[in-house]
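I have placed the structure first, in the form of structure tokens, so that the comments after it can refer back to it.
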There are 2 protein chains.
Amino acid sequence: MELNIYIELLKNKNLKVTQHRLEILRFLDKNRTHPSLEQVYSYIKEKFPSISKMTVYNVIDSLIENKIINSMRFVNSTELHVDFEIDTHFHFVCSKCGHIYDIDSELDLEKILKNGGHKADDYNVNIYGVCKKCLKK
Amino acid sequence: MELNIYIELLKNKNLKVTQHRLEILRFLDKNRTHPSLEQVYSYIKEKFPSISKMTVYNVIDSLIENKIINSMRFVNSTELHVDFEIDTHFHFVCSKCGHIYDIDSELDLEKILKNGGHKADDYNVNIYGVCKKCLKK
DNA sequence: TCTTATATTGTAATTGTTACAACTTGGAGC
DNA sequence: GCTCCAAGTTGTAACAATTACAATATAAGA
């Protein structure tokens, strides 16, 4: 049963396995559209109509903290977006349609930070512009 | 008189030259600390005690729109930050002290987006970790 | 099954931002 | 300089994202 993947992810981090966490993980895994918390909430509400928005915040917080999912913000909006793919850090944001594309690339942090002395944990690259589809219109 | 620089910047974009805009520009130029709008507001309030926060939002909006300044958001906070340096796109954010460092580097957008077909206008690179100073403590 | 640490819930408060309508001002043209 | 209008400023109110917190419920180990 595929849910096992998510159960494993949670157990490996000593997080309790709850229906909410499993369903949010499954949603993020199947829908890699970098949803905002509001979007996660409105999906999850269909499955668990009585779920509290606070639960969504709590679940997302613990998933981020345990590096099970990624989070990012974009200049044009206030809200936090999340992403199941923990290794994708480059995003292209279309200013016309708002769609967020994953871009397959990576930074050479060593080279970038060279003798600066800072110790990096993570990074986000956001590229803004007009996407392929919108250019064609 | 140094204010001429800022007057030129505004005139080049057909923006009216107001005391508020000049002072905000001067502040951002002299304090390249990537302040949040709240920080800009609390500084500017000392010079113009009767200034409205809305004016700060408006001034910042038009400066961003006219590419006189840069804007960015970081995962750990909701607020928009701004930066006089229009060409600096890499930032290192320290999770201990919160300091935001400019990192001198650039992306090769052509190479990154290659055959993707998107047209890029701008980008932001945020690197998260612990800074030099905090590592020494 | 009992227990307890961890999750969930709901409410209220806080913070960042936007909408909007009234008023003011910069600067172009006389 | 004076007049005028588009652009800038103001304040208030509404909205949206997030946090704080205390009460309740539940997962999972003993």
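Letters A, B, ... are given to chains in the order of the sequence lines, protein chains preceding strands, and every chain is numbered from 1.
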- For DNA chain D, find the residues of residues 25-35 of chain A with a heavy-atom distance under 4.0 Å and give them by number; none if there aren't any.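 The stretch gives none, as no residue of it lies under 4.0 Å from the strand.
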
- For DNA chain D, which residues in residues 52-75 of chain B have a heavy atom at a distance below 4.0 Å?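 Within this stretch, S52(B), M54(B), T55(B), N58(B), V59(B) sit under 4.0 Å of the strand.
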
- Identified side chain to side chain contact (heavy atoms under 4.5 Å, CB included) counterpart of L63(B) within the set I69(B), N70(B), N58(B): I69(B)

- Task: Find the bend of the helix from dT1(C)-dA30(D) to dC30(C)-dG1(D) as the angle between its two terminal axes (five pairs each), to the nearest 10°.
- Result: 40°

Below 3.5 Å, can you tabulate the donor-acceptor pairs from side chains in residues 129-137 of chain B to any protein atom, sequence neighbours excluded?
none

- Message: I need the full list of ring-ring contact (aromatic ring centres under 6.0 Å, His included) pairs touching residues 8-29 of chain B, with sequence neighbours left out, sorted by first then second residue.
- Response: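 For residues 8-29 of chain B, and leaving out neighbouring residues, the ring-ring contact (aromatic ring centres under 6.0 Å, His included) pairs sorted by first residue read H20(B)-F48(B), F27(B)-Y43(B).
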
- Item | DNA chain C-proximal residues of residues 14-23 of chain B, any heavy atom under 4.0 Å | K16(B), V17(B)

- Task: Please indicate whether N31(A) has more than 12 foreign heavy atoms, meaning atoms of other residues, nucleotides or ligands, lying under 6.0 Å from its CG.
- Result: yes

- For N12(B), look at atom CG and say whether over 12 heavy atoms of other residues, nucleotides or ligands are found less than 6.0 Å away. yes

- Query: Could you give the OH-to-C1' distance, from Y41(A) to dT9(C), as a whole number of Å?
  - Reply: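 Atom-to-atom, Y41(A) to dT9(C), this comes out as 11 Å.
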
- Message: Whole angstroms only, please: what is the NE2-C1' distance between H81(B) and dT17(C)?
- Response: 14 Å

- Query: Taking the nucleotide of DNA chain D with the closest heavy atom to each, which residue, N76(B) or S50(B), is nearer the 5' end?
  - Reply: S50(B)

- Task: State whether E38(A) and K53(A) are salt-bridged, where the test is any N-O pair (Lys NZ or Arg NE/NH1/NH2 against Asp/Glu carboxylate O) under 4.0 Å.
- Result: yes

- Query: Between K11(B) and E8(B), does at least one N-O distance fall below 4.0 Å, as a salt bridge requires?
  - Reply: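 No salt bridge links K11(B) with E8(B).
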
- N126(B) vs M72(A) side-chain heavy atoms within contact, under 4.5 Å: no

- Any donor-acceptor pair under 3.5 Å from N66(B) side chain to S62(B) backbone: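 Judged by distance alone, yes, a pair lies under 3.5 Å.
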
- Task: Taking side-chain hydrogen bond (donor to acceptor under 3.5 Å, both in side chains) as the test, write out the residues that go with E85(B), two or more places apart.
- Result: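 With sequence neighbours excluded, E85(B) shows a side-chain hydrogen bond (donor to acceptor under 3.5 Å, both in side chains) to R32(B), given in chain and number order.
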
- Message: Taking transitive links into account, so neighbours of neighbours count too, which hydrophobic residues share a cluster with I86(B) at under 4.5 Å side-chain distance?
- Response: none

- Please go through I103(A)'s hydrophobic cluster and name the other residues, only I, L, V, M, F, W, Y counting, with side-chain heavy atoms under 4.5 Å joining them.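 Listed partners: F90(A), F92(A), Y101(A), L107(A), L109(A), I112(A), L113(A), Y123(A), V125(A), I127(A), F90(B), F92(B), Y101(B), I103(B), L107(B), L109(B), I112(B), L113(B), Y123(B), V125(B), I127(B).
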
- Query: Using a heavy-atom cut-off of 4.0 Å to chain B, what are the terminal contacting nucleotides of DNA chain D, in 5' to 3' order?
  - Reply: dA6(D) to dT18(D)

- Task: May I have the step-by-step check of side-chain contact (heavy atoms from CB on, under 4.5 Å) for E106(A) and D87(A), ending in yes or no?
- Result: CA-CA 9 Å; E106(A) 56 183 322; D87(A) 293 323; over 6 Å; no

- Message: Please enumerate all residues that pass side-chain contact (heavy atoms from CB on, under 4.5 Å) together with L9(B), with sequence neighbours excluded.
- Response: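 Per chain and number, L9(B) pairs via side-chain contact (heavy atoms from CB on, under 4.5 Å) with Y6(B), I68(B), F84(B).
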
- Message: Can you list everything that forms a ring pair (Phe, Tyr, Trp, His ring centres under 6.0 Å) with F74(A)? Sequence neighbours excluded, please.
- Response: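 Partners of F74(A) under the ring pair (Phe, Tyr, Trp, His ring centres under 6.0 Å) test: H81(A).
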
